[in-house]
> 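My structure is below; once you've seen it, I'll send some questions.
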2 protein chains.
Amino acid sequence: MYGALSAKPARRPRADSVRNRARVLEAAKLVFAAGGPAGSLEAVARQAGVGVGTLYRHFPTRQALFEAVYRHEVQQLVELAEQLGTDLPPLEALRRWMHANVEFVATKKGMSAALAVAVHASSDLTAYSMDRLGRALETLLRRAVEAGVIRDDISTEDILRTIVGLCYTHDKPGWQGNVLRLVDVFVDGMRRSQCSGPI
Amino acid sequence: MYGALSAKPARRPRADSVRNRARVLEAAKLVFAAGGPAGSLEAVARQAGVGVGTLYRHFPTRQALFEAVYRHEVQQLVELAEQLGTDLPPLEALRRWMHANVEFVATKKGMSAALAVAVHASSDLTAYSMDRLGRALETLLRRAVEAGVIRDDISTEDILRTIVGLCYTHDKPGWQGNVLRLVDVFVDGMRRSQCSGPI
DNA sequence: GGTAAATACGGAGGCCCCCTCCGCTTTACA
DNA sequence: TGTAAAGCGGAGGGGGCCTCCGTATTTACC
């Protein structure tokens, strides 16, 4: 991602360093998901099978680790969008991706508080994720519009905000099924050929 | 607030207990404002001049302390509304109270994350504060409407949500002045007789 | 393959915080 | 003033935070 245009002939990053960084990231995801944003960093290091020193070298602060996990998660959603886009018909791909977003929040309930803190403390993280997710969604959306299966006056931002809004206002038990249903309603509403089924 | 209808002739709460509880609450406000939601509870006890045991007896968990602080803050806004209502002309009272709400958030930036966590974790806290603040605002608002200085199609919830919304989307440096300006714009918009005088 | 220099690793250690427990003090009431 | 209930304080064991530095690994070059 970087280094190619550096002036110095920098030596390649060490293999163990790369490996450990990935391990810590994976472990952090688990620990924060289970224990919320206050989860122990020593537990992250143990889970990753590295020393605490290694953890702190890669991520000097808790906040830095939050941000890295967040970016990693966003990246996974982007890749999922690409895959769904090539594997499924347009409308179904869109619907599945929106469901995945909800589940993304659901499976990380503890994580979400941590991410909320991370996002709140760094506003360019919001911009970053809106941009990445927006581009990924753009492709799915355009394909569906061009196929003529959904209306053309919905923007990617409309959709992202809808998902966020639906998740945000639901924190009661069983909310996930409810939100998925609402997403389906929303997707139905976007369809062109309205058989006007009951909502 | 309670105890009057208890069956047993319970003995009056001890004076030192009442005093210490208040001290801890005040100290917690300072510490959380300075250090955010992760502020040290031992620091709270030190600041309050009590032992940690006392703190934990009054507030068994960090969450309990958050909630108590939050309720206390809400109460202060309610009392401010009552006072402004009797001291100032209707429109000015309303405007001042809205400004106070913004400053309430501003002076407690660290605190706000703590409160966000508290509110997120306990949804009846949201209901409680909406109810209390709504009633307080109701009086101010009705007085202004009856005096004929503002339009009558704005609800208390409209106003509370506007304030929250304006604060929520502003976290850049210098946001406070900006939001206060927007509040003034909003209040101007509510005025009936637009003499567009300076504020 | 061998070597030197750069780079990264691990975990001990000092510090602070969490929370419980219990002997001591203060208070309310008679 | 007596006394029992209620509350107080802080020591102490457990654990997390983060830094520091001797050691191990890896790369680049011969």
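Naming convention: chains lettered A, B, ... in sequence-line order (proteins, then strands); numbering from 1 in each chain.
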> Output the rounded distance in Å from CZ (B:Arg46) to P (C:dC18).
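After rounding, the reported distance stands at 9 Å.
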> On DNA chain C, does the nearest nucleotide to B:Leu41 precede the nearest nucleotide to A:Arg57 from the 5' side, or the other way round? Give the residue.
A:Arg57
> I need the CZ-P distance between A:Arg23 and C:dA8, as an integer number of Å.
16 Å
> Mapping A:Val50 and B:Ser40 to their closest nucleotides on DNA chain C, which lands nearer the 5' end?
A:Val50
> Would you mind checking if B:Asp188 and B:Arg191 are paired as a salt bridge, meaning a charged N to carboxylate O distance below 4.0 Å?
yes
> Whole angstrom is fine here: how far is it from CD in A:Glu42 over to C1' in C:dC18?
15 Å
> In whole Å, I'd like the distance from the OH atom of A:Tyr56 to the P atom of C:dG13.
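Checked: the OH to P distance equals 18 Å.
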> What nucleic acid atoms does B:Arg62 come within less than 4.0 Å of, heavy atoms only: base, sugar-phosphate, or nothing?
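Touches sugar-phosphate only.
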> Quick check: do B:Val102 and B:Met98 have side-chain heavy atoms less than 4.5 Å from each other?
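A side-chain contact is absent here, since even the closest heavy-atom pair is not under 4.5 Å.
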> Can you tell me how far apart CG (B:Leu84) and NE2 (B:His99) are? Round to the nearest 0.5 Å.
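Answer for the CG-NE2 pair, B:Leu84 versus B:His99, is 12.0 Å.
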> Any side-chain heavy-atom pair from A:Val52 and A:Leu41 closer than 4.5 angstrom?
no
> Without decimals, in angstroms, what is the distance between B:Leu55 CG and C:dC19 P?
10 Å
> For C:dC9, does OP1 or OP2 lie under 4.0 Å from any side-chain N or O of A:Asn20?
yes
> Looking at the side chain of B:Arg14, which of C:dT27, C:dA6, C:dC19 is the nearest nucleotide?
C:dT27
> Salt bridge check, B:Lys29 against B:Glu26: does any charged N sit closer than 4.0 Å to a carboxylate O?
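The answer is yes: the pair qualifies as a salt bridge.
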> Could you state the CZ-C1' distance from A:Arg21 to C:dC9, rounded to the nearest angstrom?
16 Å
> Grab the CG-P distance between B:Asp16 and C:dT26 for me, whole Å please.
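From B:Asp16 CG to C:dT26 P: 9 Å.
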> Shoot me the first and last contacting nucleotide of DNA chain D against chain A, ordered 5' to 3', at under 4.0 angstrom to non-hydrogen atoms.
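Answer, 5' to 3': D:dG16 to D:dA28.
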> Distance from A:Leu141 atom CG to A:Trp97 atom CH2, nearest 0.5 Å?
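Here the rounded value is 10.0 Å.
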> What side chain to side chain donor-acceptor pair (under 3.5 Å) pairs are there with at least one residue in residues 133-148 of chain A, not counting sequence neighbours?
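Sorted result for residues 133-148 of chain A: A:Asp131-A:Arg135.
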